[in-house]
Participant: 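Pasting a structure below so you can have a look.
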Amino acid sequence: MTTHSDEHYYVPHGSHWPAVGSLGLLFLMVGVSSWLNGAGAGFYIMLTGLAIIIFMVTGWFGAVIGESQGGLYNAQVDASFRQGMFWFIFSEVMFFAAFFGALFYARNMAIPWLGGESNNFFTNLLLWEGFESTWPTNGPGNIGGDYEVMPPLGLPLINTALLLTSSITVTIAHHALIAGRRTQLSIFLAATFLLGFVFVYLQGVEYVHAYQDLNLTLSSGIYGSTFFMLTGFHGMHVTIGAIMLTIIFFRVIKGHFTPDKHFAFEAVAWYWHFVDVVWIGLYVFVYWM
Amino acid sequence: MTATTVDTHAADHDDHDHGPTKGIGRWLFSTNHKDIGTMYLVFSLLMFFIGGSMAMVIRSELAIPGLQFVHPEFFNSMTTMHALIMVFGAVMPAFVGLANWMIPLMIGAPDMALPRMNNWSFWILPIAFGILLSTLFMPGGAPAGGWTMYPPLILQTGDAFPFLIFSVHLMGLSSIMGAINVIVTIINMRAPDMTLLKMPMFVWTWLITAYLLIAVMPVLAGAVTMLLTDQFFGTSFFLAAGGGDPVMFQHIFWFFGHPEVYIMILPAFGVVSEIIPTFARKKLFGHDSMVYAASCIAFLSFIVWAHHMFTVGMPLTGQLFFMFATMLIAVPTGVKIFNWVATMWRGSMTFETPMLFSLAFVFLFTIGGFSGLMLAIQPADVQYHDTYFVVAHFHYVLVPGSVFAIMAGAYYWLPKWTGHMYNETLGKLHFWMSTIFVNLTFFPQHFLGLAGMPRRIPDYSVQFADFNLVSSVGAIGFGLSQLIFVAVLLTAKKGAKATDRVWEGSHGLEWTVPSPAPWHTFTTPPKARIANESFE
């Protein structure tokens with residue numbers, strides 16, 4: 001076991017950060033909701049909530065980093081953080097699973113049924129006569145108007161290469177950290193988050209292209225819905241991951257992390273591999289097949 | 001912390017170990033598993049009464065045929081809000097509260113593994129339910145499309161719609177963080193010689209529950225996010241004209257929803273598995289088989305979701321698969337029921353309030369289980385679907401099931417929490433009133449459903465009048481009986497001082513610490529063997 005009787009598990013005394021976080025969530029959620037309902041003030045309430053949450057995240061992680069540098073965490077605390085991060089990533093996987101599930105259900109069930117497959121001959125004949133099941137589609141109602149499909153080659157392929165490369169660079173950085181090669185660590189870590197930000201930028205370029213040139217929008221039926229929701233949530237996660245990598249980079253510059261104690265680095269690296277794996281799923285099922 | 005108590009297992013209290021701070025800060029900024037557990041339990045009780053009042057509105061309206069008290073729209077709001085509040089606000093937080101209080105004590109941990117996150121997962125709940133309850137006063141009223149939020153109906157909600165979606169997001173966030181904390185605590189913080197299969201049953205069932213929570217709460221978040229974007233951002237997830245399908249929502253929702261059912265009952269199994277051995281003065285029969293049965297139930301819960309949608313249109317193969325998979329769940333559940341009965345077999349039993357609630361649980365939950373088997377049969381379900389038979393079924397598993405187990409757990413551990421015995425006479429009165437009235441409320445609903453009375457409708461045909469009146473009388477009686485529990489809590493510190501063991505047959509580490517449990521326990525890991533051998 002990791003515990004020795006002379007070694008206490010670190011239980012922090014009261015912290016105000018969770019309460020600040022709850023306040024931020026209150027403002028954020030009430031703000032977004034009233035904004036969606038058409039109340040102009042909602043937007044500013046939302047921004048206030050967002051600011052409180054950023055303040056909370058900064059303060060909370062700041063406190064944890066301080067405690068970590070102060071040597072308050074023993075191996076057992078470290079294990080708690082590791083397991084916590086693992087299960088957090090698993091919950092994220094399940095969130096994406098819901099949207100992948102929607103994609104597969106639409107492609108394999110809903111659309112073929114609208115086209116009359118299985119026992120749905122009359123659904124097709126009476127409701128959507130003439131609709132033939134294809135993929136991609138914006139449905140029998142041609143929702144969102146005519147559009148062009150986003151081709152898998154070009155930008156998406158470049159983005160795949162960028163993200164896969166960044167997974168390799170972060171691994172090289174990790175090995176450098178373990179071996180104590182700090183310069184190599186900094187260079188490859190910097191390369192990783194730069195690749196991440198370039199990915200996000202190119203994703204933005206792709207979105208502009210889709211909206212302006214292809215008339216492919218969030219409203220382009222089920223294809224547009226799944227395309228933008230999946231790539232959008234993924235892009236959001238890449239952005240968060242790249243910001244986290246940047247923070248880890250500055251911590252490296254400040255001299256944090258040792259070859260045998262660097263949980264935060266590893267947690268962010270895991271997260272980065274997770275967005276990478278999600279992207280591979282996206283590339284295969286959204287762009288390619 | 002009481003000055004007279006000596007914590008033998010954490011004798012080396014050092015200078016950083018101090019008592020709670022004064023004032024609101026103790027609760028708002030708490031990182032103490034016992035304080036957070038208390039907050040969860042109090043919050044849950046509050047929600048139980050708010051959700052209960054809504055049930056009273058429903059049953060008053062249904063007492064006699066015709067419309068008497070409320071508008072149909074408001075009636076629909078009541079059924080929707082009652083369900084959301086009871087599921088996410090009363091039952092789930094109550095079990096998280098019990099987990100917070102008891103798991104660290106049962107496994108010999110100094111606290112939950114991630115104490116600050118523990119605080120956050122609680123303090124999100126008042127925000128979430130504040131937002132949800134505020135929808136009652138919004139233009140268009142509170143959500144009225146049912147707690148299952150099926151589109152396209154739910155998209156007709158007024159201003160409440162985005163508030164509903166985001167409050168569900170917050171509840172999910174809270175549950176996920178709570179579940180991560182439970183898993184990490186159990187896996188990482190056990191006393192050194194407490195191996196997995198030596199863990200108490202309550203800890204085991206919560207471990208499995210926590211896995212379920214992490215797997216399905218994000219899926220619910222995804223489903224309601226799709227509702228939100230369909231409503232406000234022009235997506236077509238649930239719009240057939242765009243190639244989507246409203247039925248797809250039901251699939252995604254119930255992929256969450258069915259494991260959710262077990263999230264609400266597995267910890268109840270755990271509580272009952274702690275209590276019955278204590279008052280039968282025997283070891284739990286088949287501890288390991290209980291673990292495997294709970295794991296089987298958890299696994300099966302992922303592959304049975306479409307039995308909630310048998311009438312919605314599904315290929316025949318799908319209907320057959322979901323029917324047989326559902327009936328399979330009766331096997332591991334049966335293992336548990338028989339193990340409880342076998343635990344009591346030739347035990348020297350006494351019938352204090354926790355035991356009474358547990359016995360009623362075993363008996364009445366089984367009734368709910370059997371009506372569940374009837375509903376699992378697809379050809380029969382076509383008749384039962386959306387009738388009061390379904391209402392009777394899930395209230396039997398949730399009220400004399402989950403709620404009775406929570407009550408049993410509360411009575412069982414109350415002396416450990418307060419340091420005093422509760423008033424046994426009041427407890428027994430609470431039990432008997434609850435048990436009589438819960439059956440009076442829900443048993444006639446079986447007959448109503450089989451006779452064809454639909455659920456979620458404020459009026460009904462006159463032939464249903466008699467049983468509805470019986471049911472309403474029962475419901476008002478059940479609601480009032482719960483005030484006895486409040487009386488028990490208010491007098492909880494007036495009783496005799498509790499010993500450390502509290503119950504003659506008690507077993508496990510939580511009974512080795514003083515009553516009331518000191519603010520900090522197990523700052524150094526205890527020897528689990530001492531507790532585990534108490535029966536040998």
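In the text below, chain A, chain B and the rest are named by the order of the sequence lines, each starting its count at 1. In this text, all values refer to a predicted model and were calculated from it rather than measured experimentally.
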Participant: Using non-hydrogen atoms only, which part of B:I165 is less than 4.5 Å away from chain A: side chain, backbone, both, or neither?
Facilitator: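 No part of B:I165 comes within 4.5 Å of chain A.
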Participant: Under 4.5 Å heavy-atom distance to chain A, tell me which part of B:I124 shows up: side chain, backbone, both or neither.
Facilitator: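 When you check distances to chain A, atoms from both the backbone and side chain of B:I124 fall under 4.5 Å.
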Participant: Heavy-atom cut-off 4.5 Å, strictly under: side chain, backbone, both or neither for B:F249 against chain A?
Facilitator: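 Neither part; nothing is under 4.5 Å.
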Participant: Would you call A:K261 and A:D78 a salt bridge, using N to O less than 4.0 angstrom?
Facilitator: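 No, A:K261 and A:D78 are not salt-bridged.
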Participant: B:W123, B:F166, B:F233: which one forms the most heavy-atom pairs within less than 4.5 Å of chain A?
Facilitator: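 Most heavy-atom pairs under 4.5 Å with chain A: B:F166.
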Participant: Is there a donor-acceptor pair closer than 3.5 Å between any side-chain N or O of B:D35 and the backbone N or O of B:W27?
Facilitator: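 It does not hold such a pair.
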Participant: Please rank A:A102, A:A19, A:S34, A:S220 by heavy-atom pairs under 4.5 Å with chain B and give me the top one.
Facilitator: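 So the answer, after comparing A:A102, A:A19, A:S34, A:S220, is A:A102.
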Participant: Can you tell me which of B:A221, B:A109, B:A215, B:P126 forms the most heavy-atom pairs within a distance under 4.5 Å of chain A?
Facilitator: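 If we count pairs closer than 4.5 Å to chain A, B:A215 comes out on top.
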Participant: With a 4.5 angstrom heavy-atom cut-off, could you sort out which part of B:L239 is near chain A: side chain, backbone, both or neither?
Facilitator: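 Side chain only.
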Participant: What part of B:M189 lies closer than 4.5 angstrom to a heavy atom of chain A: side chain, backbone, both or neither?
Facilitator: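 Both backbone and side chain.
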Participant: What residue among A:Y223, A:F233, A:Y147, A:Y211 forms ring-ring contact (aromatic ring centres under 6.0 Å, His included) with A:F228?
Facilitator: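 Between A:F228 and the candidates, ring-ring contact (aromatic ring centres under 6.0 Å, His included) is satisfied uniquely by A:Y211.
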Participant: Between B:I214 and chain A, with a heavy-atom cut-off of 4.5 Å, which part of the residue counts as in contact: side chain, backbone, both or neither?
Facilitator: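 Its backbone and side chain both get close to chain A.
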Participant: Measuring heavy-atom distances to chain A, does B:F163 have an atom under 4.5 Å in its side chain, in its backbone, in both, or in neither?
Facilitator: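 Contact with chain A: backbone and side chain both.
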Participant: Less than 4.5 Å to any heavy atom of chain A: does that hold for the side chain of B:T229, its backbone, both, or neither?
Facilitator: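 Contact with chain A is through the side chain of B:T229 alone.
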Participant: Tell me, side chain or backbone of B:I176 under 4.5 Å from chain A's heavy atoms, or both, or neither?
Facilitator: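 Just its side chain gets close to chain A.
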Participant: Does B:N188 offer a backbone N or O that forms a donor-acceptor pair with the side chain of A:Q76 under 3.5 Å?
Facilitator: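 Between the backbone of B:N188 and the side chain of A:Q76 there is a qualifying donor-acceptor contact (under 3.5 Å).
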Participant: Is there a donor-acceptor contact under 3.5 Å from the side chain of B:D159 to the main chain of B:P139?
Facilitator: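 No, because the side chain of B:D159 does not come within donor-acceptor range (under 3.5 Å) of the backbone of B:P139.
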Participant: Does A:F95 reach the side chain of B:T225, with side-chain heavy atoms less than 4.5 Å apart?
Facilitator: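 They are in contact (side-chain heavy atoms under 4.5 Å apart), so the answer is yes.
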Participant: Tell me, for B:L228 versus chain A, whether the close heavy atoms (under 4.5 Å) come from the side chain, the backbone, both or neither.
Facilitator: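 B:L228 touches chain A through side-chain heavy atoms alone.
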